[in-house]
K.L.:
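Shown below is the structure under consideration.
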Amino acid sequence: MSDFTGQHILSVNQFDRASIERVFSVADTMQAYALRKKRTTVLDGAILGNLFFEPSTRTRVSFGTAFNLLGGEVRETTGMSNSALAKGESLYDTARVLSGYSDIIAMRHPASGSVTEFAQGSRVPVINGGDGANEHPTQALLDLYTIAKERAFHGSGIDGLHIAMIGDLKFGRTVHSLAKMLTLFKNVKFTLISPKELSMPSYICDSITNAGHELVISEQLEGLVEADICYQTRIQEERFTSQDEANKYRGKFRLNQQIYTQHFKSQTVIMHPLPRDSRAEANELDNDLNLHPNLAIFRQTDNGVLVRMALFALTLGVADKVADFDRPVHWFSNKSST
Ligand code: NCD
């Protein structure tokens with residue numbers, strides 16, 4: 001994707017290394033606005049339609065916040081039962097209608113492929129905020145942006161990375177998108193750890209090996225000392241046929257201070273797309289790591305705003321104009337980068 005203007009963002013397959021780097025360099029320029037040092041009105045008059053037909057906290061709010069920080073306004077629809085989809089309206093019709101009310105749309109929906117189907121009826125760019133177990137491209141970008149920053153801190157890049165992905169790799173759309181995006185880099189080692197029934201879809205494993213990367217599949221944490229990134233995930237209970245079925249896998253792969261020290265080197269960065277399931281029977285990422293300097297989960301969420309600001313600025317064609325419309329902020333703010 002060489003020019004983002006007017007494009008939908010539906011899948012990580014649309015990206016090459018150059019377009020990823022473009023997103024990251026624009027995201028870097030958004031820091032001052034995200035930290036409320038400056039305010040820009042470059043998207044003055046633009047409306048984001050934020051359509052979330054599945055539960056969401058950070059993706060929905062960070063899309064809205066990112067748009068507001070660029071000076072645009074947000075109209076939100078949440079929950080299937082509050083929309084005319086519940087009356088049998090097609091995604092196509094919904095898209096035709098809502099794209100008349102908005103200048104760009106961010107959408108999450110429980111069915112794989114639904115956001116692409118919706119985009120076919122939309123007259124404005126559509127950004128996929130997660131379609132079922134399929135993809136979550138903006139999460140992959142913010143995860144990769146976080147990985148790049150964490151690695152830069154230790155003087156390395158993304159090439160040569162060893163990432164361990166742990167948990168529900170079958171239904172977890174964040175690991176699907178991140179794994180696919182990482183195949184664009186060089187010499188990445190993937191260690192995929194999950195119960196056999198929740199393993200990474202074979203087409204993604206194939207794309208890893210076909211691109212010449214090293215792939216290790218395991219059902220235990222043993223042998224991870226060399227991993228640079230430990231990417232932990234939640235059991236995606238909403239994709240199981242019953243809670244009993246999901247219960248079989250909860251708590252299988254926990255990470256806490258003691259397990260971290262036992263299995264990982266001291267520089268291993270801990271990531272999680274969040275939400276972490278903090279109920280006792282799951283608790284895949286324990287609170288006893290909350291103050292650990294290598295815990296990047298809240299740096300991920302902060303980076304999500306920067307990356308989503310960059311995507312809005314690029315798709316609406318204003319990435320180079322943001323500073324032309326900025327001014328100082330006068331009110332109290334003590335935000336700092338995490
Ligand atoms: C993820 C999602 O919705 O896919 N959350 C997110 O967007 N940060 C992961 C999850 O729900 O487990």
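Every number for a ligand or one of its atoms is a count from 1 in the order of the listing. Numbering starts at 1 and runs along the sequence shown.
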K.L.:
Could you see which bit of L274 sits under 4.0 Å from ligand 1, with heavy atoms only: side chain, backbone, both or neither?
P.N.:
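Backbone only.
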K.L.:
Salt bridge or not between E219 and K252? Use side-chain N to carboxylate O under 4.0 Å.
P.N.:
no
K.L.:
Any atoms of ligand 1 less than 4.0 Å from a non-hydrogen atom of Q139? List them with their elements.
P.N.:
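What qualifies from ligand 1 is 6 (C), 7 (O), 8 (N).
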K.L.:
Just checking, is any N or O donor in the side chain of R308 or S62 under 3.5 Å from an acceptor N or O on the other one?
P.N.:
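S62 and R308 do have a side-chain donor-acceptor pair below 3.5 Å.
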K.L.:
Can you find an N or O of R173 that's nearer than 3.5 Å to an N or O of ligand 1?
P.N.:
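Among all N and O atoms of R173, at least one is under 3.5 Å from an N or O of ligand 1.
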K.L.:
Does R234 reach ligand 1 with a nitrogen or oxygen that is under 3.5 Å from one of the ligand's nitrogen or oxygen atoms?
P.N.:
yes
K.L.:
Name every donor-acceptor pair, under 3.5 Å, that has one atom in a side chain of residues 43-57 and the other anywhere in the protein, sequence neighbours excluded.
P.N.:
unit_1	atom_1	unit_2	atom_2	d
N50	ND2	R60	O	3.0
N50	ND2	E76	OE2	2.9
E54	OE1	R173	NH1	3.0
E54	OE1	R173	NH2	3.1
E54	OE1	R239	NH2	3.4
E54	OE2	R239	NH1	2.7
E54	OE2	R239	NH2	3.1
S56	OG	R60	N	3.0

K.L.:
Salt bridge or not for K170 and E197, using N-O below 4.0 Å?
P.N.:
no
K.L.:
Salt bridge between D320 and R22, side-chain N to carboxylate O under 4.0 Å?
P.N.:
yes
K.L.:
Looking only at heavy atoms of P275, does any of them come nearer than 4.0 Å to an atom of ligand 1?
P.N.:
yes
K.L.:
Numbering the atoms of ligand 1 from 1, which are under 4.0 Å from a heavy atom of T174?
P.N.:
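Counting atoms of ligand 1 from 1, those under 4.0 Å from T174 are 1 (C), 4 (O), 9 (C).
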K.L.:
Which atoms of ligand 1 are found less than 4.0 Å from any heavy atom of H136?
P.N.:
2 (C), 4 (O), 6 (C), 7 (O)
K.L.:
Before signing off on this row, confirm whether T59 and ligand 1 have an N or O atom pair separated by under 3.5 Å.
P.N.:
yes
K.L.:
Testing the 3.5 Å rule here: is there a donor-acceptor pair between the side chains of S242 and D244?
P.N.:
no
K.L.:
Contact between ligand 1 and R108 is defined here as a heavy atom of the residue under 4.0 Å from a ligand atom; is it met?
P.N.:
yes
K.L.:
Which residues pass the ring pair (Phe, Tyr, Trp, His ring centres under 6.0 Å) test with F67, sequence neighbours left out?
P.N.:
F312
K.L.:
Looking at every heavy atom in both L184 and F15, which two are closest together, and how far apart are they?
P.N.:
CD1-O, 3.4 Å
K.L.:
Considering only heavy atoms, does E54 approach ligand 1 within less than 4.0 Å through its side chain, its backbone, both, or neither?
P.N.:
neither
K.L.:
Check this for me - ligand 1, P273, N or O atoms closer than 3.5 angstrom, yes or no?
P.N.:
yes
